[in-house]
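Working notes, structure below.
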Number of protein chains: 2
Amino acid sequence: MLDALRACGLKVTPQRLAILNQLVGDPTHPTATELFGRLREELPSMSFATVYNTLAALTKQGLCAARQLESGPVRFDPNVAPHDHAVCDSCGLVIDVMTEGLAAASAATNLKPVQGFSVRSVERIYRGRCVQCAAPNEPQTDAEKETGD
Amino acid sequence: MLDALRACGLKVTPQRLAILNQLVGDPTHPTATELFGRLREELPSMSFATVYNTLAALTKQGLCAARQLESGPVRFDPNVAPHDHAVCDSCGLVIDVMTEGLAAASAATNLKPVQGFSVRSVERIYRGRCVQCAAPNEPQTDAEKETGD
DNA sequence: TTGCAACTAAGAATCATTCTAAGTAAGGTC
DNA sequence: GACCTTACTTAGAATGATTCTTAGTTGCAA
Ligand SMILES: [Mn+2]
Ligand SMILES: [Mn+2]
Ligand SMILES: [Zn+2]
Ligand SMILES: [Zn+2]
């Protein structure tokens with residue numbers, strides 16, 4: 001953590017360590033607001049702007065990635081390796097999907113120019129319903145997720 | 001146009017006809033603000049909220065699609081057939097990319113459940129630089145696009 | 001025609017994000 | 001270890017996108 005910051009020329013501060021620790025290993029693709037909420041007790045004086053500033057700095061240095069998978073706030077991803085995402089239409093859940101086999105080969109193929117574009121990356125978004133929400137009886141809403149229901 | 005609105009139970013109003021006419025056949029994936037700007041002379045009294053209301057109604061009825069391809073405002077797409085997009089890192093240009101051959105087959109394959117998700121659709125986003133911006137001499141910025149430079 | 005639900009206009013409100021100004025502290029230098 | 005410089009943090013204002021509210025208007029079915 002500490003080394004990762006130094007390695008890319010960012011000063012090591014308690015705020016940055018806390019944000020990076022919170023984000024690393026979190027597979028839920030949290031928003032800035034979610035991270036801010038989780039860090040309030042650890043660093044009660046931290047400003048919201050610092051969360052945005054820090055996430056922007058980390059993103060620019062490639063320590064995390066910003067993803068806009070749907071309308072609403074940007075989500076942050078500690079997984080900077082190329083991968084795809086599945087997004088639940090019903091509850092908003094986002095999970096990583098590793099491209100594999102034929103798909104991976106196809107992704108490589110797709111780095112060929114497309115209609116004049118010089119392609120730097122290809123990402124795929126699977127939309128549908130997660131396991132919870134696909135179950136016919138109890139579709140989980142965003143509101144329910146928040147109350148832990 | 002007129003029929004399309006009636007066919008899905010929406011009342012026909014001058015505002016809706018104007019918005020739909022403006023959007024249909026426009027391949028640039030305009031934002032609500034862009035559409036509002038273009039319609040000001042035709043319907044000077046139209047409210048911004050009406051543009052949003054109408055686009056939401058059209059989207060719900062499947063007459064257009066809302067796409068969040070990057071951070072910033074949502075873009076609207078008259079092309080509701082499944083297709084992919086290429087987005088220019090430099091100037092923001094968005095173009096349609098039709099999936100073809102192997103890629104199309106792979107897309108069909110991908111409608112299999114992914115890690116428990118029941119997949120409704122798969123979309124792909126190609127990121128890179130458009131023809132203008134890939135040219136080494138005169139990369140086109142958003143600002144330049146607006147002034148027509 | 002008439003009635004009413006659906007629609008529109010105007011502006012306030014909300015949400016996400018960025019900016020500004022002033023103070024603070026990390027980390028290199030002596 | 002004290003000092004300096006500059007990057008960083010804070011608080012709050014500002015901006016931009018979108019949604020909400022309320023009151024007035026209109027498409028269109030009966
Ligand atoms: Mn991810
Ligand atoms: Mn399109
Ligand atoms: Zn779900
Ligand atoms: Zn471009």
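Predicted model, so just to flag it, every value in this text is computed and none were measured. Quick note on labels: first sequence line is chain A, next is B, and so on, each numbered from 1.
Closest of all the heavy-atom pairs between A:L93 and B:F117 is O-CZ, 4.1 Å. Residues A:P73 and A:T31 approach most closely at CG-CG2, 3.8 Å, considering heavy atoms.
Of the possible donor and acceptor atoms, none in the side chain of B:R129 sits under 3.5 Å from a partner among the backbone N and O of B:A134.
Through ILVMFWY side-chain contacts below 4.5 Å, A:V131 is grouped with nothing and stands alone.
Residues from residues 10-17 of chain B placing a heavy atom under 4.0 Å of any atom in DNA chain D, listed by number, are B:K11, B:V12. The stretch residues 73-80 of chain A has no heavy atom under 4.0 Å from DNA chain D, so no residue of it qualifies as close. Less than 4.0 Å separates DNA chain D from at least one heavy atom of each of the following residues of residues 40-47 of chain A: A:S45, A:M46, A:S47.
Between the CD1 atom of A:I19 and the C1' atom of D:dT10 there is a distance of 13 Å, rounded to whole Å.
Heavy-atom contacts of chain B under 4.0 Å fall on DNA chain C between two terminal nucleotides, which in 5' to 3' order are C:dA5 to C:dG11.
Residues satisfying the salt bridge (Lys or Arg N to Asp or Glu O under 4.0 Å) criterion with A:D96, sequence neighbours excluded, are absent altogether. A search for side-chain contact (heavy atoms from CB on, under 4.5 Å) contacts involving A:T13 returns A:Q15, A:R16, not counting sequence neighbours. The salt bridge (Lys or Arg N to Asp or Glu O under 4.0 Å) check on A:R38 picks up A:D26, with sequence neighbours excluded.
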Would you give me the side-chain donor-acceptor pairs under 3.5 Å for residues 54-71 of chain A, sequence neighbours excluded?
{"residue": "A:T54", "atom": "OG1", "partner": "A:T50", "partner atom": "O", "Å": "2.7"}
{"residue": "A:T59", "atom": "OG1", "partner": "A:L55", "partner atom": "O", "Å": "2.6"}
{"residue": "A:R67", "atom": "NE", "partner": "A:D77", "partner atom": "OD2", "Å": "2.7"}
{"residue": "A:R67", "atom": "NH2", "partner": "A:N79", "partner atom": "O", "Å": "3.1"}
{"residue": "A:Q68", "atom": "NE2", "partner": "A:E70", "partner atom": "O", "Å": "2.6"}
{"residue": "A:Q68", "atom": "NE2", "partner": "A:G72", "partner atom": "O", "Å": "2.8"}

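Pairs engaging residues 44-67 of chain A under the ring-ring contact (aromatic ring centres under 6.0 Å, His included) rule: A:F36-A:F48, A:F48-A:Y52 [sequence neighbours left out]. A salt bridge (Lys or Arg N to Asp or Glu O under 4.0 Å) check over residues 78-91 of chain A, counting only residues at least two apart or in different chains, returns the pairs A:D84-A:R124, A:D89-B:R120.
Among the atoms of the strands shown, none is found under 4.0 Å from any heavy atom of A:A57.
In this structure, the helix from C:dT1-D:dA30 to C:dC30-D:dG1 shows an angle of 30° between the axis at its start and the axis at its end, each fitted on 5 base pairs and rounded to 10°.
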